[in-house]
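To keep things clear, I will list the structure first and then write my remarks on it.
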Amino acid sequence: MKFIEIILRGVGQVMFQNNYFSGLLFLIGIFYNSWLFGLAAIAGTIISTVSAQILNYSKEDIKNGLFGFNGALTGIAILVFFEPTLGSIVALIVGSLVSTVVMNFLKKIVPPFTAPFVLVTWILIYSLVYIFKFPLETEPSSAVDYSFQIIESSGKSFGQVMFQNNAVTGFLFLVAILINDKLAALYAVYAAVVGSLFGWLFSASFSSINDGLMGYNAILCAIALGGTRKKDLVWITFAIILSTLVQIGLGKTGIITLTAPFVLTTWIVLGLKELEERKKKIAN
C-alpha cells in the first residue's frame with residue numbers, strides 16, 4: 001500500500017500536489033480520455049520511482065513522489081507522439097529511468113521542476129524521428145475555430161498539462177488540485193483564463209487557444225509561484241504573460257514545446273525574486 005501511495009503521489013506531483021488522492025483523480029482523468037495514456041502514466045511513474053530506489057536516492061523525496069512525476073510525463077509523451085510499438089515502449093522505459101538520473105543531478109543545481117522530462121523527451125523524440133526514422137504521430141486537425149471558448153479553453157488547459165486534450169479530464173484535474181490546495185486551484189483557474197486571453201492578444205489561433213495550448217504552462221507557473229502575499233499575484237501574472245510568449249515563440253520555431261515555457265519562465269521569475277530580495281537586504 002505504501003508503494004501504491006508513493007506512485008499516486010508521483011502522479012500528483014506533476015501539478016505539485018503531494019497528495020495520493022489528488023494523484024488518483026489525475027489518473028482517473030487520464031483514463032477517462034485514454035486508457036493507453038493512463039497505462040503510460042502509471043508505467044512511467046513506477047519505472048522512475050523504482051529507479052530512484054535502486055540508485056539509493058533520497059528516501060524522503062521518493063516517499064513524496066518527487067522521482068515519479070517526470071517519469072509519468074515522459075511515459076505519456078512517448079505514446080502521444082509515437083505508436084505503441086516495441087521501439088516506443090523501450091524508449092518509454094529508458095526515458096523514465098533517465099529522467100530520474102537527470103532529476104537527481106539537476107536538483108543539486110536548480111529547482112528542476114519538469115526540466116528532466118523536457119530534456120529527456122526532446123532527446124528521445126528527435127532521436128527516434130531523425131536517427132531511427134520513427135513516424136511522428138500528430139493529432140487529427142480539428143475544425144477551425146472562429147471564436148474564443150473560455151470554458152473549453154480553461155478545461156483543456158488543465159488537461160494539456162498531461163497531454164490530455166479533453167475538457168472533462170481537465171476539470172477532473174482541477175478538482176484534484178482543489179482537494180489538496182484551494183489557493184493553488186484558484187491561482188490555476190486564474191492562470192488558465194488569463195493565459196488563454198493573452199494567447200488571443202498575442203494572435204495565437206483560436207484552435208490552439210481552445211485546445212488549451214496557451215494555458216497549461218501558465219497553470220504550472222501559477223501553482224509553482226503561488227503564495228499568500230499580494231505581490232505573489234503580480235509575479236504570477238508576469239509569469240503567465242511570459243510563459244505564453246515563450247510558448248508562442250518556441251512554437252513558431254517548430255520545436256515541440258512540452259513544458260519548457262513553464263520551466264524557463266519559472267526559473268527567470270525565481271531569479272528576479274532573488275535579485276529583488278538581495279537589493280532589499282543591501283538597502284536595509
Side-chain angles (χ1 to χ4, degrees), residues 1-80 84 86 88-108 111-121 124 158-159 161-164 169-170 172-181 184-185 220 223-224 258-259:
M1 287 301 296
K2 283 186 178 180
F3 182 73
I4 292 172
E5 184 177 318
I6 289 171
I7 297 306
L8 292 175
R9 286 181 188 275
V11 178
Q13 288 285 14
V14 171
M15 297 177 78
F16 304 100
Q17 305 308 301
N18 186 7
N19 182 304
Y20 65 87
F21 192 56
S22 294
L24 177 61
L25 278 176
F26 285 151
L27 277 179
I28 290 170
I30 298 170
F31 272 101
Y32 174 85
N33 184 53
S34 168
W35 65 267
L36 184 63
F37 295 160
L39 291 178
I42 293 172
T45 309
I46 291 174
I47 293 164
S48 55
T49 301
V50 171
S51 299
Q53 291 174 328
I54 293 171
L55 294 168
N56 200 30
Y57 290 160
S58 166
K59 290 182 180 178
E60 190 65 23
D61 286 349
I62 293 170
K63 178 184 174 183
N64 289 324
L66 294 177
F67 283 106
F69 69 95
N70 280 290
L73 286 170
T74 303
I76 299 169
I78 293 301
L79 294 191
V80 165
L86 178 60
S88 62
I89 298 302
V90 170
L92 186 157
I93 295 169
V94 172
S96 300
L97 191 159
V98 174
S99 73
T100 293
V101 178
V102 176
M103 175 71 172
N104 191 63
F105 172 75
L106 283 182
K107 74 186 185 75
K108 299 172 185 176
F113 301 125
T114 58
F117 148 67
V118 173
L119 294 172
V120 170
T121 304
L124 285 173
F158 281 91
V161 173
M162 299 191 215
F163 301 98
Q164 307 306 301
T169 295
L172 284 171
F173 286 2
L174 173 57
V175 172
I177 300 168
L178 186 64
I179 287 170
N180 187 56
D181 190 335
L220 288 172
I223 299 174
L258 305 176
T259 55

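Values below: every heavy atom of this structure, side chains too, minus hydrogens, waters and symmetry copies.
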If you compare all heavy atoms of [X] against all heavy atoms of [Y], which two are closest, and at what distance to 0.1 Å?
X	Y	answer
L220	V14	CD2-O, 3.6 Å
V161	L73	O-CD2, 3.5 Å
G68	T49	CA-OG1, 3.6 Å
S58	D61	OG-N, 3.1 Å
A115	N70	N-OD1, 4.3 Å
L79	P84	CD2-CA, 4.0 Å

Which pairs of donor and acceptor atoms, one on a side chain in residues 28-44, lie under 3.5 Å apart (sequence neighbours left out)?
from: N33; atom 1: OD1; to: N166; atom 2: ND2; distance (Å): 3.2
from: N33; atom 1: ND2; to: Q164; atom 2: OE1; distance (Å): 2.7
from: S34; atom 1: OG; to: L36; atom 2: N; distance (Å): 3.3
from: S34; atom 1: OG; to: F37; atom 2: N; distance (Å): 3.1

Next on the checklist: Taking CZ in F3 as the centre, count heavy atoms belonging to other residues, nucleotides or ligands within less than 6.0 Å. Is the count above 12?
Outcome noted: yes
Just wondering, more than 12 heavy atoms not from K107 lying within 6.0 Å of its NZ? yes
Practice prompt. List the steps, then state whether side chain to side chain contact (heavy atoms under 4.5 Å, CB included) holds for E5 with R9.
Written response: CA-CA 6 Å; E5 184 177 318; R9 286 181 188 275; 2.9 Å; yes
Distance, nearest 0.5 Å, that separates [atom1] of [X] from [atom2] of [Y]:
X	Y	atom1	atom2	answer
L119	L106	CG	CG	6.5 Å
L172	L27	CG	CG	11.5 Å
I4	I46	CD1	CD1	9.0 Å
I76	T45	CD1	OG1	7.5 Å
I223	Q17	CD1	CD	6.0 Å
N19	L8	CG	CG	9.5 Å

- Message: Test your reading of the model: is there a side-chain donor-acceptor pair from Q53 to the backbone of I62, 3.5 Å cut-off?
- Response: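 Judged by distance alone, no pair lies under 3.5 Å.
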Exercise answer: donor-acceptor pairs, residues 93-103 side-chain atoms, under 3.5 Å, sequence neighbours excluded:
from: S96; atom 1: OG; to: L92; atom 2: O; distance (Å): 2.8
from: S99; atom 1: OG; to: S96; atom 2: O; distance (Å): 2.7
from: T100; atom 1: OG1; to: S48; atom 2: O; distance (Å): 2.8

Contacts of F69 meeting ring pair (Phe, Tyr, Trp, His ring centres under 6.0 Å) (sequence neighbours excluded), chain-then-number -> none
With F173 as partner, the option from F163, F26, F158 fulfilling ring-ring contact (aromatic ring centres under 6.0 Å, His included) is F26
- Item | Pair N104-L55, side chain to side chain contact (heavy atoms under 4.5 Å, CB included): steps then yes or no | CA-CA 10 Å; N104 191 63; L55 294 168; over 6 Å; no
